[in-house]
Amino acid sequence: MTAGDARRAGVGSGHPDLDTLAELQEGLLARDEQRRVRRHVATCAACSDALGTLEATQALLAALPPVTVPDDVAARLDAALAEVRTSEPAPVLGAATVVPAPARRRWWRSSGLASGAAAAAVVLFVTAVVANAALRAPHRHPATSPGATPAPTPSAAATFAATSSGRNYTAATLAADVPVLLGASAAAAPSAPNRTTDTGGQTSGSGPSLSARAPAPPAVPAPEALMRPQRLVDCVAALTGRPAGAVTPLAADLGSFQGKPAAVIVLPTANRPALVDVWVVGRGCNASDQEFIYFLRTTRPG
Amino acid sequence: MTDAPHGASPADHDPADLPDAELLAAHVAGDTEAFAVLVRRHRDRLWAVALRTLGDPDDAADALQDALVSAYRGAASYRAQAAVTTWLHRIVVNACLDLARRRQARPTRPLADDPAADDPADPHDRFAERETAREVLDALRTLPAEQAAAVVLVDIEGHRVDEAAEILGVAAGTVKSRCARGRARLAVLLAHLSTTGNLSAAGTVPSPAHARSEEVERP
């Protein structure tokens, strides 16, 4: 190995380091660097060995025996799910909540199975029709018409203010953020809560910042590029399985969730006035892909 | 997906025969048992991902429970663009990464003996296998959680890179990059377990400072 070799290998210490070799394996190196490193490895026994070790490590990982959930963890999971099942009998929003109670049985075994299955099938069909209608509805392609003002369809009229606090939400603190979210939203539109008319892609009203709990820039209208109001409406429709505009969010805020860009949308819980549903979705949430991240059902503040 | 298997001869139907998507649909439609069936079907693999990403059985149990409750509540948001397993994995991995971030703010838990490794749940496990698994777990625990998750999904659980990318919500190149750096670190820590392990010549232990990071994700 000469000094020239080392320089060509692109690493001061004389050999490409393991990161570089691992990136070579993954095809991540730029073409020139890849060529240099390959040439070095071809003549360097140590680096050949190091590559072999990387491969052996992968083989070791692939050969790990499968694990099974320990009994105590399995019992804990069952208990947690049983608890959420009894405290929240209806996991769904919108149309599917009309499933009659008898259908909530174990339809593949119960004697009333045929009717139960039929009820479930009907409900799913209804949901599917709504989803399809949402997909087929006009103005569902913001990417193709970024500056277009939505035509006054019934759904487009029902847009609402979104704040953009930039706040970083977490699963641990989300419930505590709900009163702040709702407070900010109510102040933004005191007379007709959360139903501000919006025809130009801008949110009207400048809600206060969420700085009651944490320093954050003042809420500003949601940037078009991040989440257009119409897309938010579509997103809500997709989340609820209801037609666009049928459910008006109590609040919607653009920020991040555990470090990743996200929208936090607070909706009234169907048929449960004392509760709200908090959806955390990606900012690309739309009619066909909600980019679901997190869900929380919690008590409605105030 | 609303009609098929429960029309003709429903009495024969064992829920274990139903596809994932139908179980999830049944859950959304109000069936009280469907989600539990779905969980039982996949929980071992989800547990493996959580345990190996977090490296700690207690943390893994916490994360898995949070994730499954979240999935239970959020099932109505599932759409068929992704496989149900991908959707479940995504929720579990998100819960793990969230928990890892919260743990970061606290003192590191001592590397206690891993009860899961001693658990003779599988009578076929051999001692050496358990020891290897334990050492891998300890090594994984030293990686940043994002790297560990990528390595676990691709190298241990055998997901394709594009599947892992979908689960992690990042680009495929980011998955490769995380895998590469994670493997480089693991190769050093686990060299004694692999027969060709000889890193003395290559010498350099990868340092995070060296990483040509294209991803700046942590605030």
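A, B, ... follow the sequence lines: proteins, then strands. Residue 1 opens every chain.
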**Report entry** Step-by-step side chain to side chain contact (heavy atoms under 4.5 Å, CB included) determination, A:Y294 to B:I91
**Finding:** CA-CA 8 Å; A:Y294 195 80; B:I91 296 170; over 6 Å; no
Report task. Please step through side chain to side chain contact (heavy atoms under 4.5 Å, CB included) for the pair A:L64 and B:R52, ending with a clear verdict. Result -> CA-CA 11 Å; A:L64 284 177; B:R52 286 162 169 164; 3.8 Å; yes
**Report entry** Residue pair A:R85, B:F35: steps toward the side chain to side chain contact (heavy atoms under 4.5 Å, CB included) verdict
**Finding:** CA-CA 10 Å; A:R85 187 165 57 205; B:F35 195 79; over 6 Å; no
Requested in this report: Would you check, one step at a time, whether the test side chain to side chain contact (heavy atoms under 4.5 Å, CB included) holds for A:V67 with B:W47?
Outcome: CA-CA 8 Å; A:V67 297; B:W47 167 251; 3.7 Å; yes
**Report entry** Worked verdict on B:R43 versus A:D78 for salt bridge (Lys or Arg N to Asp or Glu O under 4.0 Å)
**Finding:** CA-CA 11 Å; B:R43 68 184 177 190; A:D78 287 344; 3.7 Å; yes
Requested in this report: Could you give me the CA-CA distance, side-chain angles and deciding distance for B:Q65 and A:R76, then say whether side chain to side chain donor-acceptor pair (under 3.5 Å) is met?
Outcome: CA-CA 8 Å; B:Q65 177 176 329; A:R76 197 184 135 179; 2.7 Å; yes
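With a threshold of 4.5 angstrom between heavy atoms, A:V73 approaches chain B through side-chain atoms but not through N, CA, C or O. Contacts between B:L186 and chain A at a heavy-atom distance below 4.5 Å involve backbone atoms as well as side-chain atoms. Using a 4.5 Å cut-off between heavy atoms, A:A74 contacts chain B through both its backbone and its side chain. Of the two parts of B:R45, neither the backbone nor the side chain holds a non-hydrogen atom closer than 4.5 Å to a non-hydrogen atom of chain A. For chain A, the nearby part of B:V39 is the side chain; its heavy atoms alone come within less than 4.5 Å.
The backbone N or O of A:Q258 sits less than 3.5 Å from a side-chain atom of B:R101, completing a donor-acceptor pair. A distance-only check finds a donor-acceptor pair linking the side chain of B:D44 to the backbone of A:V69 [under 3.5 Å].
What you find for B:A184 and A:L18 is that their closest heavy atoms are O-CD1, 3.6 Å. Here the closest non-hydrogen pair linking B:G173 and A:L28 is O-CD2, 4.0 Å.
The CG atom of A:L81 sits 9.5 Å away from atom CZ of B:R40, with the distance rounded to the nearest 0.5 Å. Here B:T132 contributes atom OG1 and A:L61 contributes atom CG; the two are 11.0 Å apart, rounded to the nearest 0.5 Å.
With a 4.5 Å cut-off on side-chain heavy atoms, B:R181 and A:E23 count as touching.
Chain B forms the most heavy-atom pairs under 4.5 Å with one residue out of A:Q25, A:E55, A:E26, and that residue is A:E26. In terms of non-hydrogen atom pairs under 4.5 Å with chain A, the most contact-rich of B:L97, B:L64, B:V151 is B:L64.
Residues meeting the salt bridge (Lys or Arg N to Asp or Glu O under 4.0 Å) test with B:D98, sequence neighbours left out: B:R102.
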